[in-house]
Protein chains: 2
Amino acid sequence: MLTDRQRMILNAIVDDYISSAEPVGSRSISKRGDVGYSPATIRNEMADLEELGYLEQPHTSAGRIPSHKGYRYYVDHLVPWNSAEIAEMGTIRTFFAEKLNATEQVIQHAAMILSNMTNYTSILLGPEVFHTSLRHFQLLPLDDKTAVAIIVTSTGQVENRTVNIPPEISISEIEKVVNLLNSKLKNVPLYKLKTQLYTELGQEMQRHISHYEELMKMLDTALDSENEQRIYLSGATNMLTQPEFKDVDKVKHILDLLEETPTLLKMMSPVPGGPGIQVRIGTENDHEAFANCSLITATYSLDGQALGSIGILGPTRMEYARVMGILGILSRDLTAMLAHWYK
Amino acid sequence: MLTDRQRMILNAIVDDYISSAEPVGSRSISKRGDVGYSPATIRNEMADLEELGYLEQPHTSAGRIPSHKGYRYYVDHLVPWNSAEIAEMGTIRTFFAEKLNATEQVIQHAAMILSNMTNYTSILLGPEVFHTSLRHFQLLPLDDKTAVAIIVTSTGQVENRTVNIPPEISISEIEKVVNLLNSKLKNVPLYKLKTQLYTELGQEMQRHISHYEELMKMLDTALDSENEQRIYLSGATNMLTQPEFKDVDKVKHILDLLEETPTLLKMMSPVPGGPGIQVRIGTENDHEAFANCSLITATYSLDGQALGSIGILGPTRMEYARVMGILGILSRDLTAMLAHWYK
DNA sequence: GTTAGCACTCATCTGAGTCGAGTGCTAACG
DNA sequence: CGTTAGCACTCGACTCAGATGAGTGCTAAC
C-alpha cells in the first residue's frame, strides 16, 4: 500500500516526533543522514501521507505529526524489534535475581521497575485467583460471633475474610463441616467452589448438620472468592512530565481514571487468545480521557492459562519499540518464574 | 497578645482567603456585614498584623494572605469548632451504617469517603499489627520445597508469607513444631514473638527436633511480622484542582512523595501522647514539597492504644474547621467501631 | 481612635508588530 | 518523469508598550 520511500519517511517522522514532541518539518527529515532527498520531495510525500490519513497537521505552516493511523502503521509494520531487546535485558534480569518469595511482592516490585525504566505509568494486574484451585480451607473463630475464613490456593495465595457465625451453630459442628470441605473440595477450582458446595455436599450436610440454612449462608460468604484481582500502579506521576499533558485539566482526567480500580481492571483484563503484546493507540482505548494515550499490554501465564497482565500507559507519542521490547521480556520472565515456582 | 479586633480581622482574612484563594483587600473585609470599620481602619490593622508576622503581602498593592504563623494562630485559637461538626454527621454515620466486615475494607472505604467529602487527599494508615497478639499460626505445605506461613492476629487480621522448607525436615516434624508454637505462643504480642520463640521454645525444640538450625531459620522468616502497615490513599488527584497547584512541576513533587510509602508512613505515624487532632502547616511538614500544604491527622485506637491514623492533605489554604471536624468524628467512630468488634 | 482622600505601585490584560519555521505551488533541471 | 530550487504565504510564538484596576500607604480632617 505504501511505497518504500513513504514508509521510510513515515518512520522518520514518528521517530522524530517521539523524541521531540514537536511537529516535524520536511527540512529536518531531509537533513537526516539516511534520507537522500530534498525537503521539497519530502514535502510532496508528506502531503500524500497526510491525504492517506497517516499524518496530521496541527495548523497550516506547522510540521506534521503522526495520526492514530500513522502510529498504528508504525507499530504494526515499522517497529524495530530486535534492536531494543538487548539494551534493557540487564536491568530486568538483575530484577529477577533479587530473591523475592511472595508473588505479590514480585508484582509490586515489577511495577516499580517498569515505571522507572520507561518513565511512563505502569499498570500491573496481579495473578488471578479465579482459575487456581483450593488447597486448604479453614475457619478460625475469633470470638463467639465472628470467625476468619482462610482460603489457600494451589499457587500459595492466601485469601481471607471475616464472617459472622450464626449463634445457633456450635464450634464442633463448624469443625466437622470444615473437615468435610477440605476432604471433598480440595483441588477444586475456585470458580467451581460454590456450585460444588451445593451439589456435592448439600445432601450430606443437610443430613448430618442442624441449622443447614444458616450454615450455608455463612459458607457462602466465606467462599465468596470475590475474584478480586489486585491492581498495582506505579509512576502515575510520570504522566505529568510529558509535555502533552502540561495542561492540568487533561491530566486530571487521566489520573482520575487511574484511581478507579474497576476501570483499570476492565482495561487490563487479558484478551483471551490475543497476541502476546497488545497496543491500544489513542481512541482505541474506550475512555475519552485516554484519547492522547497509548496502552501497551502483555500477559503472563501459568500452564498456558493467562494469569494476569502487565501494561504501560503513556502518551500516544511513546517509545513503542523500547516499551514493547521491555514488556515482552518481562512477561516471558514472569511466566518462566511462575512456572518454576509452581511446576 | 492580639486585640479582639485584630483577631476578628485575622479570622476574616483567613476565612476569605480559604474560600477565594486570592489575596484579600481591606475593602472586601470592610464590606462584610459583621465588620463595622472602614477600609482605612482595616488597612492600619492589617499593616500591624503583617508586622507581627501573621499576614503576608505577595507584592505591594496586592491584598494580604495569611502567613504560616497566621494559619497556626487561626487553627489554635479561631477555628469555629462546634458549628462544623453537625453538618457532616449524616454522611459519616451513613458510612458506618453500611455493613463492612473486614477491617481493611472499612479503612479503604473510609479513605474514599474522606477524600470525596473534603475534595482533598486522604491518607489512612491501616491498623498496626505490631501490638496485636497471636491467635493462630499455621504452616501449610504447598509442595516439597515451599510452604505458606499464616499468622492470624487477635483482631482477625491475616498475614501470610511463603517460606522455603529445608529439605532435611520432614512434614511430621513441621506439624509437631507448629502445634508446639500454637500452644506456647498463643496470645503473645506479635512484637515479642521472635524473642519468645528463642527463650521459651528454644531448649525444648533443640531436644526433640533434629536440624534445629534450619528449622529456626525457617520459622524466623515465617514469623517476620515485618510490621507492614498498609497505607491507603484516595483523591490524590484532588490536589490538581487547587488553584495554587496549577503549576505542574510543583504538583509533581507532591504526588511523587505520595507514591513513596515509607515517607507517608513516617508522616502519618501517630505521635504518642499527642493531642487528638494534629495540624501541621506548611513547613512544619518535613518535606520541602509540602511547603504549601497542610496535613491534618487524627488517630484511632483500641484499648487506648493508637492503632493507626487518618489524615487529610490539602493546600495550606484549607478548610481547617470542616476538615478537623470531620476527622474528629470519623476517628471517634472508627475507635468505637473497633472497640465494639473486638471488645 | 476613626475615616476620607489621594498619589502611587504593580500584576494583568490587550493589541500591534516582528520573527521564523514550515508549507504549497510553480517552474526548471537531469 | 521524478526531483529540486525558489518564492510567496500562513500562522503560532514572542515581545513590547500602553491601559486598567485593585489595593496600598500616608496625610489630614473629623
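Chain naming here is simple, since letters A, B, ... match the order of the sequence lines and numbering starts at 1 in each. Only heavy atoms go into these numbers, but all of them, side chains included; no hydrogens, no water, no symmetry mates.
Projected onto DNA chain C by closest heavy-atom contact, B:T60 and B:G36 fall at different nucleotides, the more 5' of which corresponds to B:G36.
Taking 3.5 Å as the limit, the base of C:dT9 and the side chain of B:S61 contain a donor-acceptor pair of atoms between them.
At least one side-chain nitrogen or oxygen of A:R5 sits closer than 4.0 Å to the OP1 or OP2 atom of D:dT3. For the pair B:R64 and D:dT24, the criterion of a side-chain N or O lying under 4.0 Å from OP1 or OP2 is met.
Within 6.0 Å of CZ in B:R280 there are more than 12 heavy atoms belonging to other residues, nucleotides or ligands.
Protein atom CD1 of A:I42 is 18 Å distant from nucleotide atom P of C:dC25, rounded to whole Å. For B:E51 and D:dC26, the CD to P distance is 11 Å, given to the nearest whole Å. Taking atom CD of A:E22 as the reference point, atom C1' of D:dA13 lies 11 Å away to the nearest angstrom. In this structure, B:I29 places its CD1 atom 16 Å from P of D:dA22, rounding to the nearest Å. Rounded to whole Å, the distance from CD on A:E50 to C1' on C:dG24 is 11 Å. Distance CG (B:N44) to P (D:dT24): 11 Å, rounded to an integer number of Å. In this structure, A:Y37 atom OH and D:dG2 atom P are separated by 12 Å, rounded to whole Å. Atom-to-atom, CD1 of A:I65 to C1' of C:dT23 comes out at 16 Å; the value is rounded to the nearest Å.
Looking at heavy-atom distances under 4.0 Å, A:A40 makes contact with a base. Here B:T41 lies in heavy-atom contact (under 4.0 Å) with a base.
Below 30°, between 30° and 60°, or above 60°: for A:Y73 and A:Y54 the angle between ring planes is above 60°, a perpendicular geometry.
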Q | salt bridge (charged side-chain N to carboxylate O under 4.0 Å, His left out) between B:R7 and B:D4, intermediate numbers included | A | CA-CA 5 Å; B:R7 289 230 292 272; B:D4 275 359; 3.7 Å; yes
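Here D:dA13 sits opposite C:dT18 as a Watson-Crick or G-U wobble pair (both hydrogen-bonding atom distances under 3.5 Å). Nucleotide C:dA27 forms a Watson-Crick or G-U wobble pair with D:dT4, both donor-acceptor distances falling under 3.5 Å.
Looking at the side chain of B:R43, the nearest of the listed nucleotides C:dG24, D:dC11, D:dC26 is D:dC26. Nearest nucleotide to the A:H59 side chain, out of D:dT3, C:dG24, D:dC11: D:dC11.
No donor-acceptor distance shorter than 3.5 angstrom exists from the side chain of B:Y320 to the backbone of B:Y71, with no hydrogens or angles considered. In terms of modelled atom types and a separation under 3.5 Å, the side chain of B:E259 and the main chain of A:S234 share no donor-acceptor contact.
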